[in-house]
Amino acid sequence: MDKKQLNKAALQEKEGISNKEITNEQAIFNLKKNRQKHPSTEELLAGIIAGNTAALSRGITLIESHNVAHKVKANALIQNCLEHRKPSIRIGITGVPGVGKSTFIETLGTYLTMLGKKVAVLAVDPSSSLSKGSILGDKTRMDTLVKNPNAFIRPSAAGNALGGVSRHTREAITLCETAGYDVILIETVGVGQSETSVHSMVDFFLLLKLAGAGDELQGIKRGIIEMADAIIINKADGNNLTAAKIAKVEFNRALHFYPAKTSGWTPQVVLCSALENKGIDTTWNLISDYVRHANKEGYFAKKRQEQNSFWLLQTIENQLKDRFFQDEVIAKELKIQLELIAANKRSPFAAAEFLLDLHKTRV
Ligand SMILES: Nc1nc2c(ncn2[C@@H]2O[C@H](COP(=O)(O)OP(=O)(O)OP(=O)(O)O)[C@@H](O)[C@H]2O)c(=O)[nH]1
Ligand SMILES: [Mg+2]
């Protein structure tokens, strides 16, 4: 009897479970038993399909790894997950630091689990690393959700390249859907390109705002408002409530000046207090209305397809760049060409052409 069969037999004996159930259960058993060992792709896949959070976490760690062997494994895992994905709603949540994104996710996530849903939270933060910055704060602000058995919270490690972070997040979504999470919430802080990337991987995009502060103060770019399917005015509580009500009227008026969405959906403004659990149900009803609307129009699936095409092209672009800049010969020659340009001995275009031709000979 090999080790796998031994594990299977031990588990069967311990749990008294049938042969049919054994594959996934066995995988989880193996994962728990061999915590130090690297699980095989099959074990990870079976664990993820069974909704095991340890397997899901390890799967995400694998896709975030820069190790070449891990990348091969990660690609196989993602490929195998595709056909096992369950339907989900992907929601992006953005807003300036401190607007209350994490608190909002904590309240909305808890509400959704009370409706019987499984909720996964992924945080994209290009400005912080796992050990410092707001991500650690996020963990503490999702105190209740973190302990909820129907919730899974995963901060994304900040990579050097934003493209990397986004790609990992998108792949993490696939793993969460395979694990049976109905709602995927993606938190991103309004910095750099992160909202644009998150917008292109979600079905519904929520912008959290504060009343009484101008757009400039809130660091909100016009493009972000255009991307939003709903604007949530958070912290509509206590002394802030009156200002929040005024802001709602103003936003509703302002939204008329934005071009109509291709989905045919009219963005809505909702008052919310994440802290006092107000407006959370209204927000969810709104999202559900959107999903119904988008499904009826065939837009829901169409948008996901368009996003897939976008990510294919994006990935090619990123990988071509990576391959080019990681090539040692190119790196050396690039230095020389930069010096030639600085000395006015070569034009940037001629240098680019030279380097691209050189690269062509090396692939
Ligand atoms: N009064 C009030 N305070 C809130 C509300 N939501 C969040 N806060 C407070 O605002 C502060 C920031 O909340 P977070 O949820 O961490 O904000 P965030 O947008 O996730 O912040 P970053 O992750 O740093 O970008 C905390 O002190 C929260 O308690 C709310 O609805 N009302
Ligand atoms: Mg946060």
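Count residues from 1 along the sequence. Note that ligands are numbered from 1 as they come in the structure, with each ligand's atoms numbered from 1 the same way.
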- [ ] Answer yes if the side chains of Arg154 and Thr169 hold a donor-acceptor pair under 3.5 Å, and no otherwise.
- [x] no

Task: Contacting atoms of ligand 1, where contact means under 4.0 angstrom from a heavy atom of Asn234 - done: 5 (C), 6 (N), 31 (O)

Task: Backbone or side-chain N/O/S of Ser102 under 2.8 Å of the Mg ion (ligand 2) - done: yes

- [ ] Say whether Cys272, considering both its backbone and side-chain N or O atoms, lies within less than 3.5 Å of an N or O atom on ligand 1.
- [x] no

Task: Summary of salt bridge (charged side-chain N to carboxylate O under 4.0 Å, His left out) pairs that have at least one residue in residues 337-361, sequence neighbours excluded - done: none

Open item on the list: Please list, in number order, the atoms of ligand 1 under 4.0 Å from a heavy atom of Asp237.
Closed with: 1 (N), 2 (C), 30 (C), 31 (O), 32 (N)

- [ ] Check each of Glu276, Lys235, Glu187 against atom 4 (C) of ligand 1 and report the one with the nearest heavy atom.
- [x] Lys235

Task: Heteroatom distance test (Ala236, ligand 1): nitrogen or oxygen, under 3.5 angstrom - done: no

- [ ] Answer with yes or no whether Gly95 contacts ligand 1, where contact means a heavy atom under 4.0 Å from a ligand atom.
- [x] no

Open item on the list: Check Arg362 with Asp327, please: is the shortest side-chain N to carboxylate O separation under 4.0 Å?
Closed with: yes

Task: Atom name, Glu187 (N, O or S, nearest to the Mg ion (ligand 2)) - done: OE2

Task: Polar contact flag, side-chain donor to acceptor under 3.5 angstrom, Glu297-Ser263 - done: no

Task: Side chain proximity check, Arg170 to Ile78, heavy atoms < 4.5 angstrom - done: no

- [ ] Taking atom NZ of Lys302 as the centre, report whether more than 12 heavy atoms of other residues, nucleotides or ligands fall under 6.0 Å from it.
- [x] no

Task: Residues Asn150 and Thr113: side-chain donor-acceptor under 3.5 angstrom - done: no

TODO: Report yes if some N/O of Phe104 lies less than 3.5 Å from some N/O of ligand 1; otherwise report no.
DONE: no

